[in-house]
Amino acid sequence: MGRHLSNLPAEVTSFVGRRQELREVKRLLSGTRLLTLTGSGGVGKTKLAVRAAAEMSRSFTDGS
């Protein structure tokens, strides 16, 4: 029962060197419902967003 299920994609590669950005994304998401990540293609925006969502998903047990 302790297992948390989600519809997020599984991470298939490691998450390296983005801890500061992850903290900032999570901080910003605590005060807004929508956050846009911008940057050049291939810099890891999707991986950062998925990791933040996974780490914050326990705070939104009803999905909202």
Side-chain angles (χ1 to χ4, degrees):
M1 185 164 173
R3 184 181 162 128
H4 182 76
L5 300 176
S6 76
N7 61 351
L8 296 171
E11 290 186 38
V12 294
T13 59
S14 60
F15 186 81
V16 178
R18 303 294 295 267
R19 297 292 171 199
Q20 182 177 344
E21 290 88 347
L22 181 60
R23 281 192 301 273
E24 182 70 2
V25 165
K26 289 166 57 175
R27 183 188 70 76
L28 290 167
L29 280 173
S30 70
T32 188
R33 292 181 55 116
L34 178 66
L35 179 67
T36 301
L37 301 177
T38 62
S40 301
V43 297
K45 299 175 298 291
T46 300
K47 183 174 278 296
L48 179 61
V50 169
R51 173 59 68 101
E55 290 190 9
M56 296 184 75
S57 67
R58 287 176 175 33
S59 300
F60 301 95
T61 56
D62 67 351
S64 59

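Any value given below was found using the heavy atoms of this structure, including those in side chains, with hydrogens, waters and symmetry copies removed. Quantities reported herein were computed from a predicted structural model and do not represent experimental measurements.
Atom CZ of residue Arg27 and atom CG of residue Leu22 lie 13.0 Å apart, to the nearest 0.5 angstrom. Between atom CZ of residue Arg23 and atom CD of residue Glu21 there is a gap of 9.0 Å, rounded to the nearest 0.5 Å. Considering CD of Glu11 and CZ of Arg51, their distance stands at 4.0 Å, rounded to 0.5 Å. Taken from NZ in Lys26 to CE in Met56, the straight-line distance is 7.0 Å, to the nearest 0.5 Å. Expressed to the nearest 0.5 Å, how far CG of Leu37 lies from CG of Leu28 amounts to 9.0 Å. Of the inter-residue distances, the one linking Arg19 atom CZ with Glu24 atom CD reads 15.5 Å to the nearest 0.5 angstrom.
With hydrophobic clusters built from ILVMFWY side chains whose heavy atoms lie under 4.5 angstrom apart, Leu8 does not share a cluster with Val25.
The shortest heavy-atom contact between Lys47 and Thr13 is NZ-OG1, 2.6 Å.
With Thr32 contributing its side chain and Leu29 its backbone, the two residues share no donor-acceptor pair below 3.5 Å.
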